[in-house]
Novice: 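Could you have a look at this structure, given as structure tokens, before my questions?
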Amino acid sequence: MSDQRGSQLSKEEKDARFEAELLPILDPLYNFAFRLTLDEDDANDLVQETYLKAYRFFEYFEQGTNAKAWLFRILKNSFINDFRKKSKQPAKVDYNEVESYYNTEGNDNDAEIATTSDMRSQSVQDLIGDEVASALNSLPVDFRTVIILCDLEGFTYEEMAKILDIPIGTVRSRLHRARNFLKEKLENYAKTMGYNNTDED
Amino acid sequence: MNAIVTPQNQVSTADNASPDCEKVVSLLDMIIDGEATSEEKTYFLTHVENCKSCFDAHNKHQQLKSVLQDNIKRRAVPNNLLTSIQSVIKATA
């Protein structure tokens, strides 16, 4: 009875199909894991765990349907479970949040001048990139997630609703609030860098 | 009783939005994400032809999306990750 499901495909066939359908998604999946965990080792573990779960439940995956959304959903759920377990040791994530909080909120003139002149050698593009990443990383994880899924991975609202198990209306409002949050952070940064984005004609 | 008069000096702020502006602002995400219906798009386009503050709000929203796409660097997948997934799969019954 219990071998009924597995007996339809040989292990070789199953492995070949698994590799062809799901392994091409490794790159976006790893990037999603990294943006959630903000740690290379944790991202590595999370991706491995996701693929192992996907393999165990592969018979429930309908061939030709949205493999990327399916894997992202498994990863997101694994992350929530791990996150709950690990929440007794909050070091990494908290540090990141504190750090970017002070970077955006606490900049007084002295510090600012020192930073900008010290970093002349670093290209402006890199600086902006770092600041954008740190603004994104400082968002609460639910907000960060919708931005990653929508803007970086190009999922539709409907796909996001499935990945996150929330109604489309919630996807929409979360995205809106996340963007307002980010806009505020980046506008503060732009002001300290001397960009004036209020009158661009 | 005196009628309530809206102070003129508030006109330039973004908070004096008309109901139309409020509707357009609520559509901005769907517009930039390509999720708006054609009716919503038409409504939006007609409105921003004559409303500079909504036109600017849309630009800012669109800019934010582009800034993210242009500046969040993708991480390279660690070299051994693919092979270790493959070997775990092979070893799994």
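Chain naming here is simple, since letters A, B, ... match the order of the sequence lines and numbering starts at 1 in each.
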Novice: Once you round to the nearest 0.5 Å, how far does CZ of A:R172 lie from OG of B:S26?
Specialist: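 Taking CZ in A:R172 and OG in B:S26, the distance rounds to 8.5 Å.
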Novice: Is it the side chain or the backbone of A:I147 that comes within 4.5 Å of chain B heavy atoms, both, or neither?
Specialist: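 The side chain, not the backbone.
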Novice: Run the salt bridge (Lys or Arg N to Asp or Glu O under 4.0 Å) test on A:E153 and B:R74 for me, step by step, so that the C-alpha distance in whole Å, both residues' side-chain angles and the decisive distance to 0.1 Å come before the verdict.
Specialist: CA-CA 11 Å; A:E153 296 300 339; B:R74 293 197 79 86; 2.8 Å; yes
Novice: In terms of heavy-atom proximity below 4.5 Å to chain A, should B:E35 be classed as side chain, backbone, both, or neither?
Specialist: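 The side chain, not the backbone.
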Novice: Looking at B:K73, B:H61, B:R75, which makes the most heavy-atom pairs under 4.5 Å with chain A?
Specialist: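 The option with the most such pairs is B:R75.
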Novice: Write down the atom of A:D15, the atom of B:K90, and the distance for their closest heavy-atom approach.
Specialist: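 Taking every non-hydrogen atom into account, OD2-CA, 4.3 Å.
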Novice: Can you measure from CZ (A:F58) to OG1 (B:T92) and round to the nearest 0.5 angstrom?
Specialist: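 Here the interatomic distance stands at 13.5 Å.
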Novice: Looking at side-chain heavy atoms only, is the closest gap between B:D33 and A:L175 below 4.5 Å?
Specialist: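 Counting from C-beta outward, B:D33 and A:L175 do come under 4.5 Å.
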Novice: Looking at B:V25, B:I32, B:V77, which makes the most heavy-atom pairs under 4.5 Å with chain A?
Specialist: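 Most heavy-atom pairs under 4.5 Å with chain A: B:V77.
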Novice: Would you indicate whether A:Y55, at its atom OH, is surrounded by more than 12 heavy atoms from other residues, nucleotides or ligands within a distance under 6.0 Å?
Specialist: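 Check passes, neighbour count above 12.
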Novice: At a 4.5 Å cut-off on heavy atoms, which part of A:L152 comes close to chain B: side chain, backbone, both, or neither?
Specialist: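 For A:L152, backbone and side chain are both near chain B.
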Novice: Where on B:L28 is there a heavy atom nearer than 4.5 Å to chain A: the side chain, the backbone, both, or neither?
Specialist: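 No part of B:L28 comes within 4.5 Å of chain A.
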Novice: Which distance, rounded to the nearest 0.5 Å, do you find between the CD1 of B:I89 and the CG of A:L23?
Specialist: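 CG of A:L23 is found 7.5 Å from CD1 of B:I89.
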Novice: Going by heavy atoms in the side chains, are B:P78 and A:E40 under 4.5 Å from each other?
Specialist: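 No. Closest side-chain heavy atoms not under 4.5 Å.
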Novice: Are there over 12 heavy-atom neighbours, none belonging to B:N80, within less than 6.0 Å of that residue's CG?
Specialist: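 Correct, the count exceeds 12.
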Novice: If you count heavy-atom pairs under 4.5 Å between each of A:N44, A:N31, A:V132 and chain B, which one has the most?
Specialist: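 Of the options given, most contacts go to A:N31.
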Novice: Does B:Q69 CD have over 12 foreign heavy atoms under 6.0 Å away?
Specialist: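 It does: B:Q69 CD has more than 12 such atoms within range.
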Novice: I need the A:L26 CG to B:L81 CG distance, nearest 0.5 Å.
Specialist: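 One gets 5.0 Å once the value is rounded to the nearest 0.5 Å.
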Novice: Return yes when atom NZ of A:K162 has more than 12 non-hydrogen atoms of other residues, nucleotides or ligands closer than 6.0 Å, and no otherwise.
Specialist: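 Result for NZ/A:K162: open.
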Novice: Of all the heavy-atom pairs spanning A:R35 and B:I72, show the shortest one and how long it is.
Specialist: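 Looks like NE-CG2, 3.5 Å.
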Novice: What do the steps show when you test B:V88 against A:Y51 for side chain to side chain contact (heavy atoms under 4.5 Å, CB included), and what is the final call?
Specialist: CA-CA 9 Å; B:V88 168; A:Y51 272 110; over 6 Å; no
Novice: Using heavy-atom distances under 4.5 Å, tell me whether B:L64 contacts chain A through its side chain, its backbone, both, or neither.
Specialist: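 Just the side chain, heavy atoms under 4.5 Å.
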